[in-house]
Trainee: 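Got a structure for you, questions after.
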Amino acid sequence: MEQNEYLFKIHSLYNQARYAFLKIESNYARTVETSGITLPQLRILWIIKVFPGISLSNVARIGCWSSPTVSNMIKILINKELIFKEETINKKVYKFQLTEMGNWFININKQNKKKKKIYLFELIGLFSHKELDFIINIFTQIIIREKKEFIFEYIKRINEINLKIDIRDYDTNTVSIIKKTIILYNLLRTFILTIKSNHSAPLKEFNITHAQLRALWIIAAFPGITSSELSEISFWSPSTVHVIVKNLNSKYYIYKEKALIKNAHYLTISEIGERLIMRDYIKNQKTMRIFEELKEISFNDVVKLNCLLIRMNNRLGNYKTEEYVNKSFAIIEEKALVN
């Protein structure tokens, strides 16, 4: 097996996993927002429901967020009277409990087949029990190597109390598939956000954020892409794309050319931007812990996992993912892996 082939499979695995997760997450977020709260806010309600009296730091740990991010969301949820602070002996440590209204928001956001379509349901029937067990086993190994075993207890409990899905209309076999799909989704989320966290700190050296780097790679893979197309592929809102593009342009990492579409631009990566993503790949991405985590997994299993993740993305309608993987790795081969 050539080294480039191995690197390609890892590159593919990470991106296939990331775009499957992002598609499910963005769809789920839009569904939840119709209830009057955001998906991250609902996730905090889930965590407190599972672990009553949990501290802010442990909410952050389970949710894969920074403490300041959780602190801001906690303030919003307290103001909405969905949670409250529990009295503790140590006045500097707060523990949180759900209010009756907080429980109500959890219940109205339970998904079932009668509600608006969510992509989690699209995965039901896509994989056999054996295939689901295989995917779950691989990502479980990765999470253990990341020392994030604590997430397993959370996933176990949300399935035990049917926190996310109303299972009353399903037969026993489908319920089992649904619960395994929920496990898979949560492992994917932990895997992707952990890699993002590991990668974000080294990016400070390059004066670029993780989101800006992602945008640069998409623009490099699809030269001439419009702002609206970047929004669609990245799962960012048009307003978020506008800010990212503005920042990349101000740093001379991309070129902007007015598009025929109103308020849109054609985007192309500059030589400076191209050098930056190659420097980051060689210094950071190629040596990221994902490679260490997957060392114990056979190449055949990595290939098999890729095939299953590609199938997942196709079911979710992420038809650009495989093209992105191939085009971005072609850039890596040409610019970073030359002898």
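Residues take their numbers from the sequence shown, with the count starting at 1.
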Trainee: Got a sec, which residues hit side chain to side chain contact (heavy atoms under 4.5 Å, CB included) with Val243, two or more places apart in sequence or on another chain?
Mentor: Asn247

Trainee: Which pairs with one or both residues in residues 144-169 pass ring pair (Phe, Tyr, Trp, His ring centres under 6.0 Å), sequence neighbours excluded?
Mentor: none

Trainee: Are Ile310 and Phe139 linked, directly or through other ILVMFWY residues, by side chains that come within less than 4.5 angstrom of each other?
Mentor: no

Trainee: Restricting to side chain to side chain contact (heavy atoms under 4.5 Å, CB included), what partner residues turn up for Phe134, sequence neighbours left out?
Mentor: Ile138, Asp301, Lys304, Leu305, Leu308

Trainee: If you take all heavy atoms of Asn109 and Val32, which pair is closest and at what distance?
Mentor: OD1-CA, 3.6 Å

Trainee: Which atoms form the tightest heavy-atom contact between Leu45 and Ile106, and what is the distance?
Mentor: O-CD1, 3.6 Å

Trainee: Taking all atoms of both residues into account, what is the closest heavy-atom pair of Ile48 and Leu98, and its distance?
Mentor: CG2-N, 3.8 Å

Trainee: Which residues pass the side-chain hydrogen bond (donor to acceptor under 3.5 Å, both in side chains) test with Glu25, sequence neighbours left out?
Mentor: Arg43, Tyr185

Trainee: Quick one: do Phe235 and Ile195 end up in the same hydrophobic cluster if we chain Ile, Leu, Val, Met, Phe, Trp and Tyr together by side-chain heavy atoms under 4.5 Å apart?
Mentor: yes

Trainee: Can you name the residues that form a side-chain hydrogen bond (donor to acceptor under 3.5 Å, both in side chains) with Glu232, not counting sequence neighbours?
Mentor: none

Trainee: Measure the spacing between CD of Glu160 and NZ of Lys179 and express it to the nearest 0.5 Å.
Mentor: 8.0 Å

Trainee: Got a donor-acceptor contact below 3.5 angstrom from the Asn79 side chain to the Lys75 backbone?
Mentor: yes

Trainee: Indicate, with yes or no, if Phe96 and Ile76 share a hydrophobic cluster defined by side-chain heavy-atom contacts under 4.5 Å among Ile, Leu, Val, Met, Phe, Trp and Tyr.
Mentor: no

Trainee: Counting only N and O atoms by type, is there a donor-acceptor contact under 3.5 Å from the side chain of Thr31 to the main-chain atoms of Asn27?
Mentor: yes

Trainee: Keeping Lys9 on the side-chain end and Val302 on the backbone end, is there a donor-acceptor pair under 3.5 Å?
Mentor: no

Trainee: Mark yes or no for whether Ser200, through its side chain, and Lys196, through its backbone, hold a donor-acceptor pair below 3.5 Å.
Mentor: yes

Trainee: Within the side chain of Lys110, is there an N or O that forms a donor-acceptor pair under 3.5 Å with the backbone of Asn162?
Mentor: yes

Trainee: Please name the pair of heavy atoms, one in Leu123 and one in Arg315, separated by the smallest distance, quoted to 0.1 Å.
Mentor: CD2-CG, 4.5 Å

Trainee: Is the shortest side-chain N to carboxylate O distance from Glu153 to Arg157 below 4.0 Å?
Mentor: yes

Trainee: Quick one: does Ser231's side chain have a donor or acceptor within less than 3.5 Å of a partner on Val241's backbone?
Mentor: no

Trainee: Just by distance, do the side chain of Thr181 and the backbone of Ile177 share a donor-acceptor pair under 3.5 Å?
Mentor: yes

Trainee: Do other residues, nucleotides or ligands put more than 12 heavy atoms under 6.0 Å from Glu100 CD?
Mentor: no

Trainee: Can you list everything that forms a salt bridge (Lys or Arg N to Asp or Glu O under 4.0 Å) with Glu274? Sequence neighbours excluded, please.
Mentor: Lys335

Trainee: Do side-chain atoms of Asn318 reach the backbone of Tyr19 as a donor and acceptor pair under 3.5 angstrom?
Mentor: yes

Trainee: Are more than 12 heavy atoms from other residues, nucleotides or ligands located less than 6.0 Å from atom CD of Glu271?
Mentor: no

Trainee: I'd like to check the side-chain hydrogen bond (donor to acceptor under 3.5 Å, both in side chains) partners of Thr174; sequence neighbours left out, ordered by chain and number.
Mentor: Asp171

Trainee: Mind checking what makes salt bridge (Lys or Arg N to Asp or Glu O under 4.0 Å) contact with Arg311, not counting sequence neighbours?
Mentor: Glu131

Trainee: As a test of understanding, state which of Asn249, Thr268, Leu248 forms a side-chain contact (heavy atoms from CB on, under 4.5 Å) with Lys256.
Mentor: Asn249

Trainee: For residues 60-69, which side-chain N or O atoms pair as donor and acceptor with protein atoms under 3.5 Å away, sequence neighbours left out?
Mentor:
unit_1 : atom_1 : unit_2 : atom_2 : d
Arg61  : NE     : Asn58  : OD1    : 3.4
Ser66  : OG     : Thr69  : N      : 3.3
Ser66  : OG     : Thr69  : OG1    : 2.8

Trainee: My understanding is that only residues two or more places apart in sequence, or in another chain, count here; which of them pass salt bridge (Lys or Arg N to Asp or Glu O under 4.0 Å) with Arg279?
Mentor: none

Trainee: Check each of Gln16, Lys320, Glu322 against Asn313 using the side-chain contact (heavy atoms from CB on, under 4.5 Å) test, and report the only one that passes.
Mentor: Gln16

Trainee: Which pair of non-hydrogen atoms, one from Ser328 and one from Trp217, has the smallest distance, and what is that distance?
Mentor: O-CZ3, 3.7 Å

Trainee: Phe299 vs Tyr6 aromatic rings, parallel, tilted or perpendicular, using cut-offs 30° and 60°?
Mentor: tilted

Trainee: Please verify the inter-ring angle class for His199 with His210; under 30° counts as parallel, over 60° as perpendicular, anything in between as tilted.
Mentor: perpendicular

Trainee: Determine whether the aromatic ring centres of residues Phe191 and Phe21 are separated by less than 6.0 angstrom.
Mentor: no

Trainee: If Ile, Leu, Val, Met, Phe, Trp and Tyr residues are connected whenever their side-chain heavy atoms lie under 4.5 Å apart, and connections chain through other members, are Tyr255 and Phe222 in the same group?
Mentor: no

Trainee: Tyr28 vs Trp46 aromatic rings, parallel, tilted or perpendicular, using cut-offs 30° and 60°?
Mentor: tilted

Trainee: Is it the case that the side chain of Thr226 and the backbone of His265 share a donor-acceptor pair, with hydrogens and angles ignored and the cut-off at 3.5 Å?
Mentor: no

Trainee: Applying salt bridge (Lys or Arg N to Asp or Glu O under 4.0 Å), name anything that partners Lys327, two or more places apart in sequence or on another chain.
Mentor: Glu323

Trainee: Is it the case that more than 12 heavy atoms not belonging to Lys49 sit under 6.0 Å from its NZ atom?
Mentor: no

Trainee: Sequence neighbours left out, what passes side-chain hydrogen bond (donor to acceptor under 3.5 Å, both in side chains) with Ser237? Give chain and number order.
Mentor: Ser239, Thr240

Trainee: Output yes when a side-chain donor or acceptor of Lys283 lies under 3.5 Å from a complementary backbone atom of Pro202, and no otherwise.
Mentor: no

Trainee: Do Leu184 and Leu126 land in one hydrophobic cluster if side-chain heavy atoms of ILVMFWY residues count as linked below 4.5 Å?
Mentor: yes

Trainee: Would you call the rings of His11 and Phe329 parallel, tilted or perpendicular, where under 30° means parallel and over 60° means perpendicular?
Mentor: tilted

Trainee: Testing the basics here: between Ile192 and Ala17, what is the closest heavy-atom pair and its distance to 0.1 Å?
Mentor: CD1-C, 3.9 Å

Trainee: Run the side-chain contact (heavy atoms from CB on, under 4.5 Å) test on Leu22 and Arg214 for me, step by step, so that the C-alpha distance in whole Å, both residues' side-chain angles and the decisive distance to 0.1 Å come before the verdict.
Mentor: CA-CA 13 Å; Leu22 289 173; Arg214 269 190 61 207; 3.5 Å; yes

